[in-house]
Visitor: 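Quick one: the structure is below, questions incoming.
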Amino acid sequence: MRDPYLLAASLLTGLAIPASALPQMSIIMPEHFRFQWDLKQGSQPTVSEKIIPSVDISLPEFSNQALQTLKGSQPTEGEKIIPRVGISLPEFNPTSAGANYALVTGSQLYYQRLAALKTGQVTKRVDDDNLQAFWEPDTKRQLTYEDWKSLLALEAKAIGQGQGANRLSIIVGDSLSMWFPKEKLPTGKLWLNQGISGDTSSGVLKRLVAFSATRPDVIYVMAGINDLRKGVSDEVILRNHRLIMRRLRQTHPKTQIIIQSILPTRLPTISNKRIRHLNTQLELIAKQEKATYINIYKWFTDFEGNLRLDLTTDGLHLSPSGYDVWQATLQQIELKLTQR
């Protein structure tokens with residue numbers, strides 16, 4: 001009976017509770033490069049209750065090959081590249097807003113990240129000539145998918161050139177990944193966000209080349225919800241995921257490739273039963289392709305199997321509390337990786 005009280009105390013007071021004191025995940029570890037990460041749901045939470053998943057810290061070993069020291073350019077003596085948070089502003093001028101400016105639109109996020117590239121906050125400064133290829137001073141114009149692809153490719157290039165000996169994780173997907181708050185990502189390493197709003201599994205597959213020159217130790221993939229919104233068949237969604245795993249394995253043979261389950265929604269046009277079926281198939285494909293599948297779906301559901309109200313802003317996208325749940329999962333994975 002002590003767990004609910006510990007959870008409530010941590011959420012109300014903001015105090016850190018040791019992972020060992022929180023509910024545990026159960027893990028089934030297949031052979032080389034892969035494991036099944038399944039969260040024990042237990043009794044269903046009340047509507048107002050926030051539950052943060054925790055990993056049993058006595059997990060089996062990850063692949064030594066996947067976690068061996070990354071080779072490549074090393075920083076000069078005494079040099080240490082530390083990831084920094086981009087300036088929060090809606091346009092390119094770094095003095096136009098304070099550090100606590102709240103981003104509310106994709107356009108604001110886009111220009112904030114351009115500013116970070118300009119000022120060298122993505123490990124390596126990007127020259128004006130490189131930015132000019134897709135830079136437009138009119139911040140009110142409608143951004144396109146191609147604009148975002150160019151931005152993400154430039155960020156990947158900056159990371160690749162400035163990574164040095166630093167560890168790197170990449171998150172790939174749609175708007176759920178794109179809006180993952182930087183401050184909620186695990187610390188102590190570099191992060192490259194390759195999420196684009198509205199993207200599909202097909203779109204993700206086509207732009208993997210953008211970060212092929214990077215040296216990540218982990219790549220997190222979540223895609224498929226926009227496929228369902230656009231009427232794409234299960235067959236196509238699953239085939240795209242298989243190809244994504246294969247291409248990532250080809251370009252990043254020493255990287256831990258983690259396929260995250262598609263999350264539930266509250267949209268009447270998307271069947272959560274269908275999402276559960278897809279997740280079951282994704283688990284099987286991940287095993288076949290020597291990737292890692294993580295089931296976080298159930299941590300986001302209510303009694304009726306829908307996306308919990310407190311974890312979403314509109315029935316699809318995540319609230320700050322929703323990202324807290326996702327954050328907890330990433331933290332525990334990254335903790336295990338640093339212990340190897």
Visitor: About how many Å separate CG of Asp314 and OG of Ser319, when rounded to the nearest 0.5 Å?
Guide: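 Taking OG in Ser319 and CG in Asp314, the distance rounds to 10.0 Å.
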Visitor: Taking Leu205's backbone N and O only, do any of them form a donor-acceptor pair with Asn240's side chain (distance below 3.5 Å, no angle check)?
Guide: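 Looks like no, no N/O pair under 3.5 Å.
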Visitor: Hey, does Leu318 have a side-chain heavy atom less than 4.5 Å from the side chain of Thr313?
Guide: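 No - every pair of side-chain heavy atoms lies 4.5 Å or more apart.
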Visitor: Run the side chain to side chain contact (heavy atoms under 4.5 Å, CB included) test on Gln281 and Leu278 for me, step by step, so that the C-alpha distance in whole Å, both residues' side-chain angles and the decisive distance to 0.1 Å come before the verdict.
Guide: CA-CA 5 Å; Gln281 296 303 308; Leu278 282 169; 5.6 Å; no
Visitor: Does one side chain, of Ser261 or Asn279, offer a donor that lies under 3.5 Å from an acceptor on the other?
Guide: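 The answer is no; no qualifying pair exists.
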Visitor: Does Arg266 come within less than 4.0 Å of Asp302, counting only side-chain N to carboxylate O?
Guide: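 Here Arg266 pairs with Asp302 in a salt bridge, since their nearest N and O are under 4.0 Å apart.
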Visitor: Can you pull out every ring-ring contact (aromatic ring centres under 6.0 Å, His included) where at least one residue sits in residues 148-169? Sequence neighbours excluded, please.
Guide: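 Only Tyr110-Trp148 qualify under ring-ring contact (aromatic ring centres under 6.0 Å, His included).
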Visitor: Phe211 and Thr214: which non-hydrogen atoms are nearest, and at how many Å?
Guide: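 Nearest heavy atoms, Phe211 then Thr214: O-OG1, 2.6 Å.
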Visitor: Is it true that Leu248 and Val209 fall in one hydrophobic cluster, defined by side-chain heavy atoms closer than 4.5 Å?
Guide: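 They do not share one cluster, since no chain of ILVMFWY contacts under 4.5 Å joins Leu248 to Val209.
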Visitor: Compare every heavy atom of Gly195 with every heavy atom of Ser177, then report the nearest pair and how far apart it is.
Guide: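 Shortest heavy-atom separation between Ser177 and Gly195 comes out as CB-CA, 4.3 Å.
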Visitor: Examine distances only and state if a side-chain atom of Ser212 and a backbone atom of Thr251 form a donor-acceptor pair shorter than 3.5 Å.
Guide: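 No; zero donor-acceptor contacts below 3.5 Å.
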Visitor: Does a side-chain heavy-atom distance below 4.5 Å link Arg215 with Ile159?
Guide: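 They are not in contact (no side-chain heavy atoms under 4.5 Å apart), so the answer is no.
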Visitor: Keeping Asn226 on the side-chain end and Asp199 on the backbone end, is there a donor-acceptor pair under 3.5 Å?
Guide: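 Indeed, once roles are kept as given, a pair shorter than 3.5 Å links the two residues.
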Visitor: Counting N and O atoms only, with roles assigned by atom type, does the side chain of Arg239 sit under 3.5 Å from a partner on the main chain of Asp234, one being a donor and the other an acceptor?
Guide: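 No: the side chain of Arg239 does not pair with the backbone of Asp234.
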Visitor: Are the side chains of Leu117 and Leu151 in touch, meaning some heavy atoms are under 4.5 Å apart?
Guide: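 In short, these two side chains touch, coming nearer than 4.5 Å.
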Visitor: Quick check on Lys230: does its NZ atom have over 12 non-hydrogen neighbours (other residues, nucleotides or ligands) under 6.0 Å away?
Guide: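 Above 12, so yes.
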Visitor: Would you say the side chain of Val221 lies within less than 4.5 Å of the side chain of Ile171, judging by non-hydrogen atoms?
Guide: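 Side chain of Ile171 against side chain of Val221, heavy atoms only: no contact under 4.5 Å found.
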Visitor: Distance check, rounded to the nearest 0.5 Å: Gln108 atom CD versus Leu143 atom CG?
Guide: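 It comes to 11.0 Å.
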Visitor: Show your reasoning for whether side chain to side chain contact (heavy atoms under 4.5 Å, CB included) applies to Ile333 and Ile294.
Guide: CA-CA 10 Å; Ile333 296 172; Ile294 299 180; 3.0 Å; yes
Visitor: Minimum heavy-atom separation for Tyr293 and Ala286, please, with both atom names.
Guide: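 Shortest heavy-atom contact: CB-CB, 3.8 Å.
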Visitor: Supply the atom-to-atom distance Asn193 CG to Leu185 CG, rounded to the nearest 0.5 angstrom.
Guide: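 Going from the CG atom of Asn193 to the CG atom of Leu185 covers 7.5 Å.
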Visitor: Do Val172 and Tyr220 have side chains that get closer than 4.5 Å, going by heavy atoms?
Guide: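 A side-chain contact under 4.5 Å is absent here.
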Visitor: Is there a side chain to side chain contact (heavy atoms under 4.5 Å, CB included) between Ile270 and Ile225? Walk through the geometry before answering.
Guide: CA-CA 9 Å; Ile270 298 180; Ile225 200 65; 4.2 Å; yes
Visitor: Specify the closest pair of heavy atoms between Trp179 and Thr105, including all atoms of both residues, with the distance to one decimal.
Guide: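 Closest approach of Trp179 to Thr105: CH2-O, 3.3 Å.
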Visitor: Between Arg207 and Gln194, is there a side-chain donor-acceptor contact under 3.5 Å, judged purely by atom types and distance?
Guide: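 Short answer, no.
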Visitor: Run the salt bridge (charged side-chain N to carboxylate O under 4.0 Å, His left out) check on Arg249 and Glu289 step by step: do they pass?
Guide: CA-CA 9 Å; Arg249 178 59 63 220; Glu289 300 299 328; over 6 Å; no
Visitor: Say whether, by atom type as modelled, one donor and one acceptor occur between the side chain of His241 and the main chain of Ile237 under 3.5 angstrom.
Guide: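 Yes, the answer is positive, given that a donor and an acceptor are paired below the 3.5 Å cut-off.
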Visitor: If we only count heavy atoms from C-beta on, is the Leu335 to Gln331 side-chain gap below 4.5 Å?
Guide: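 Result no, sub-4.5 Å side-chain heavy-atom pair not found.
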Visitor: Would Glu334 and Lys189 pass as an ion pair if we require N to O under 4.0 Å?
Guide: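 Salt bridge: yes.
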Visitor: Start with the C-alpha distance between Asn306 and Thr301, add both sets of side-chain angles, then the distance that settles side chain to side chain contact (heavy atoms under 4.5 Å, CB included), and finish with yes or no.
Guide: CA-CA 5 Å; Asn306 298 317; Thr301 59; over 6 Å; no
Visitor: Between Asp227 and Ser201, do the side chains contain a donor N or O and an acceptor N or O under 3.5 Å apart?
Guide: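 Distance-only check passes for Ser201 and Asp227.
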Visitor: Going hydrophobic residue to hydrophobic residue with side-chain gaps under 4.5 angstrom, can you get from Met222 over to Leu284?
Guide: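 In one cluster with Met222: Leu284, no.
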Visitor: One thing to verify: whether Lys254 and Asp217 come together as a salt bridge, which I'm taking to mean a side-chain N less than 4.0 angstrom from a carboxylate O.
Guide: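 No salt bridge links Asp217 with Lys254.
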Visitor: Is the backbone of Pro216 close enough, under 3.5 Å, to the side chain of Arg167 for a donor and an acceptor to pair up by distance?
Guide: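 Such a contact is absent between Arg167 side chain and Pro216 backbone.
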Visitor: Does any non-hydrogen side-chain atom of Ile258 lie less than 4.5 Å from one of Gln256?
Guide: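 Gln256 vs Ile258: side chains touch.
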Visitor: Working to the nearest 0.5 angstrom, can you tell me the gap between Arg242 CZ and Arg247 CZ?
Guide: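 Here the interatomic distance stands at 14.0 Å.
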Visitor: Does the Asn166 side chain pair with the main chain of Gln163, one donor and one acceptor, at a distance under 3.5 Å?
Guide: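 The answer is yes, because a donor-acceptor pair under 3.5 Å joins these two groups.
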Visitor: Ile244 pairs by side chain to side chain contact (heavy atoms under 4.5 Å, CB included) with which of Ile219, Leu208, Ile285?
Guide: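 One option only clears the test, and that one is Leu208.
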Visitor: Are the side chains of Phe300 and Arg308 in touch, meaning some heavy atoms are under 4.5 Å apart?
Guide: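 A side-chain contact is absent here, since even the closest heavy-atom pair is not under 4.5 Å.
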Visitor: With no hydrogens and no angle check, just 3.5 Å: does a side-chain donor-acceptor pair link His317 and Ser175?
Guide: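 Short answer, yes.
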Visitor: When rounded to the nearest 0.5 angstrom, what is the spacing between CG in Leu307 and CG in Asn272?
Guide: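 Leu307 atom CG to Asn272 atom CG measures 8.0 Å (nearest 0.5 Å).
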Visitor: Report the distance from atom CD of Glu155 to atom CD1 of Ile170, rounding to the nearest 0.5 Å.
Guide: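 Here the interatomic distance stands at 11.5 Å.
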Visitor: Whether the side chain of Thr255 engages the backbone of Ile257 through a donor-acceptor N/O pair (distance < 3.5 Å, no angle test) should be reported.
Guide: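 No; zero donor-acceptor contacts below 3.5 Å.
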Visitor: Is the ring pair Trp326/Phe180 parallel, tilted or perpendicular, if the boundaries are 30 and 60 degrees?
Guide: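 Answer is perpendicular, since the angle exceeds 60°.
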Visitor: Closest approach of Gly305 and Pro264, non-hydrogen atoms and distance?
Guide: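 For Gly305 versus Pro264, the nearest heavy atoms are O-CB, 4.3 Å.
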Visitor: How far apart are the closest heavy atoms of Leu176 and Tyr323, and which atoms are they?
Guide: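 Scanning both residues, the minimum pair turns out to be O-OH, 2.7 Å.
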Visitor: Where the side chain of Thr312 meets the backbone of Leu309, is there a donor-acceptor pair that is under 3.5 Å apart?
Guide: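 Such a contact is absent between Thr312 side chain and Leu309 backbone.
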Visitor: Does either side chain, that of Ser321 or that of Asp324, offer a donor lying less than 3.5 Å from an acceptor on the other one?
Guide: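 Ser321 vs Asp324: no donor-acceptor pair found between side chains.
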